A.B. asks: 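The structure's right below; bear with me while I get my questions together.
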Amino acid sequence: MDEKILEVKNLTTRFNTPKGMVTAVDGVSFDVFKGKSLGIVGESGSGKSVTALSIMRLIPTPPGEIAAGEVKLNGEDILTLPDLDMRRIRGNKIGMIFQEPMTSLNPVFTVGNQIEEVIALHEKLSKVERRNKAIEMLDLVGIPSPEKRVREYPHQLSGGMRQRVMIAMALACEPEVLIADEPSTALDVTIQAQILELMKKLQDELGMGIIMITHDLGVVAEVCHDVAVMYCGKIIEQASVVDLFKNPRHPYTKGLISSIPSFDSTSLEEKKRLTTIEGIVPSLLDLPQGCYFQDRCFNVKEECRGGQGAPCLRSLDNHNHMVSCFNPI
Amino acid sequence: MNIWVYILRRTLYVIPILFGVTFIVFLLFNVLNDDPTYQLLGKHASEERAMELRKELGLDKPLYMQYLDVVKSAVTFDFGRSWKSKQLITEMIREGAPVSLSFTLPGFFISTVLGILISLLVAYYRGTYIDKFVVFVCICGMSISSLAYILFCQWYFAYELGLFEISGYEYGFPDFLPYVSLPIIIWLILSLGPDVRFFRTIMLDEIYQDYVRTARAKGLSEPYVLLKHVLKNALIPIITYVVIQIPFLLLGALLIETFFSIPGLGGILVKAIYDQDFPVVKAMTVFISVGYIIFNLLSDILYTVVDPRVRLK
């Protein structure tokens with residue numbers, strides 16, 4: 001049995017916008033296991049990043065607010081911790097990397113300074129030891145001549161290098177969980193592959209659990225063990241990667257998978273059109289009664305439209321495959 | 001790129017600017033201005049006397065020579081003599097500038113430091129009532145005319161309470177202190193409003209940047225994030241705003257100097273304008289322009305200290 005490090009239960013985050021209250025994350029639950037990666041996929045605005053920021057308690061308050069739920073790190077609910085204790089967890093027990101490597105580093109401090117800062121905060125090391133550890137971390141994430149790079153500023157590094165620095169910074173205190181919010185989205189495809197490869201390698205070496213947030217199912221297939229698909233703030237399907245790709249049960253997931261271009265010989269010869277999901281994501285301010293996916297669903301039935309309310313996430317035949325749909329495929 | 005090459009290049013930029021500025025001053029005072037000889041001598045002066053005066057003032061020279069005189073004065077700071085008092089203008093500046101600085105410099109320094117501190121505090125409490133209250137006070141403070149503050153402070157603090165002196169400036173430290181205290185306070189009231197509003201906008205611009213989120217995700221406390229990460233980035237625009245003000249401190253505050261009988265440069269300039277003492281007005285214009293150019297150069301150089309990106313570009 002895998003060791004469970006992070007347990008998210010019924011997490012609900014709301015934002016008070018001028019147009020009304022928006023529930024960006026709506027009763028989300030999942031577990032993260034040691035040495036395993038959980039992928040969270042969804043379109044923009046589905047609540048992936050807000051979920052990540054809620055776990056870190058970095059939601060700007062106001063207007064945001066974590067309205068309900070539990071986030072248990074090794075059994076302890078971190079949502080109720082005082083601020084001071086929460087700061088000891090950030091960057092120490094839970095590391096986070098962000099989508100925009102170009103702007104996520106502070107332009108006016110050297111990368112060494114920025115890595116040492118997090119070490120100084122969470123570990124009792126001397127100045128020299130901190131510098132050595134920063135160099136060691138840069139070496140670990142595959143930055144050539146780290147002794148030289150440690151004294152450089154972010155603008156002297158390429159996007160891929162900066163993302164490596166971000167990873168080095170997030171992992172400097174050997175966190176148990178690494179939250180990666182679209183870590184490869186802003187990078188070139190070849191660099192993307194390198195970064196994902198690096199994360200896999202580091203996971204094997206350091207054994208942290210990863211939450212990989214992405215809109216790219218290819219990334220999920222590449223690095224994750226389990227996947228949760230989010231739509232309008234809810235998880236609508238959750239399964240192991242193999243299960244989900246082989247046997248998607250929610251019409252939305254199926255739509256997502258069939259909208260990935262494939263490169264096998266038949267599709268190249270026939271030049272088949274890509275399948276898309278019709279319609280647009282409903283506004284969080286104006287969600288339909290019943291299932292949120294009803295207007296785009298090819299399989300919509302009477303029961304999906306109101307009456308019984310939104311479908312709950314429930315497991316089907318296979319205990320680990322959960323779906324929230326009245327008529328799973 | 002080497003930092004010295006950068007400084008040298010910036011310094012060379014000064015040359016065309018200097019020619020441009022002096023050309024405008026030359027146009028205003030030597031070309032567009034009426035011949036001042038009859039103003040000075042009266043309209044019944046003899047032709048010979050007028051010629052003599054023109055020669056004395058250098059007005060008989062061809063225009064391009066007159067222009068070169070202006071350029072020369074900008075470099076040597078030799079502005080000739082006042083028409084009115086016949087005093088060397090350089091001397092007048094040397095006497096007046098320290099007097100102006102004796103109240104503008106402390107006022108400016110305190111206002112800048114206090115303004116940055118308040119704006120950091122307001123950034124910490126962004127969006128709350130504390131933030132709104134500070135902005136409200138700033139706008140109220142800015143909406144009232146400086147004349148109102150001067151008159152009220154003179155009447156209340158100096159006359160009613162007898163706390164400060166309002167005239168009879170004395171030279172030399174610490175003798176001038178009683179005479180500059182109230183001007184410094186008024187300066188603070190006048191400049192804190194715009195300063196805090198400007199610094200606050202910069203702080204808030206920075207606080208929503210991605211690197212701030214990264215800093216928070218490391219577990220740093222909010223005050224630490226503000227004082228280290230936000231402040232150093234905010235200093236880049238703040239430096240321009242602050243350094244550019246320094247040459248104007250030499251000139252003092254025209255109104256304050258007049259009301260407190262402080263014999264600073266501001267007062268000298270106002271008097272020169274009344275007296276149509278053109279060499280003095282012209283000298284002040286050139287003097288402040290050159291100061292502006294020099295401090296602009298200085299702020300460009302200071303950037304490199306704060307912003308590592310500047311050096312490479």
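Values below: every heavy atom of this structure, side chains too, minus hydrogens, waters and symmetry copies. We name chains A, B, ... by the order of the sequence lines, and we start the count at 1 in each one. Small disclaimer: the values here were computed from a predicted structure and weren't measured.
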A.B. asks: Under 4.5 Å, heavy atom to heavy atom: which of residues 114-134 of chain A reach chain B? Give them by number, or say none.
C.D. replies: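 A:Gln114, A:Glu117, A:Val118, A:Leu121, A:His122, listed by number.
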A.B. asks: What part of A:Leu53 is in contact with chain B, defined as an atom under 4.5 angstrom from a non-hydrogen atom: side chain, backbone, both or neither?
C.D. replies: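 Just its side chain gets close to chain B.
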A.B. asks: Enumerate by number any residue of residues 201-225 of chain B whose heavy atoms lie under 4.5 Å from heavy atoms of chain A; in the absence of such residues, state 'none'.
C.D. replies: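 Within residues 201-225 of chain B, near chain A: B:Asp210, B:Tyr211, B:Arg213, B:Thr214, B:Arg216, B:Ala217, B:Lys218, B:Gly219, B:Leu220, B:Ser221, B:Tyr224.
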A.B. asks: State, yes or no, whether a side-chain contact exists between B:Asp307 and A:Pro107 at a heavy-atom distance under 4.5 Å.
C.D. replies: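 Not in contact.
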A.B. asks: Could you work out, with side chain to side chain contact (heavy atoms under 4.5 Å, CB included) as the rule, every residue matching A:Thr23, not counting sequence neighbours?
C.D. replies: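 Listed in chain order: A:Thr12, A:Arg14, A:Asp26.
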A.B. asks: Chain B: which of A:Ser104, A:Cys173, A:Pro60, A:Gly95 shares the most heavy-atom pairs with it under 4.5 Å?
C.D. replies: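 Most pairs with chain B among the choices: A:Ser104.
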A.B. asks: I need the contact set between residues 158-171 of chain A and chain B: heavy-atom distance under 4.5 Å, sorted by residue number.
C.D. replies: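 Against chain B, the residues of residues 158-171 of chain A that fall inside the cut-off (heavy atoms, under 4.5 Å) are A:Met166, A:Met169.
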A.B. asks: What are the two closest non-hydrogen atoms of A:Phe109 and B:Lys232, and how far apart are they?
C.D. replies: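 Minimum heavy-atom separation between A:Phe109 and B:Lys232: CZ-CD, 3.7 Å.
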A.B. asks: Return the option, out of A:Met56, A:Glu100, A:Met86, with the maximum number of heavy-atom pairs under 4.5 Å with chain B.
C.D. replies: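 The candidate making the most pairs under 4.5 Å is A:Glu100.
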A.B. asks: Only pairs of heavy atoms separated by less than 4.5 Å count here; which of A:Asn106, A:Leu105, A:Thr103, A:Ile179 has the most with chain B?
C.D. replies: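 Top count of heavy-atom pairs under 4.5 Å with chain B: A:Asn106.
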A.B. asks: Under 6.0 Å from the CZ atom of B:Arg197, do we count more than 12 heavy atoms belonging to anything else shown?
C.D. replies: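 Counting neighbours around CZ of B:Arg197, 12 or fewer heavy atoms of other residues, nucleotides or ligands fall under 6.0 Å, so no.
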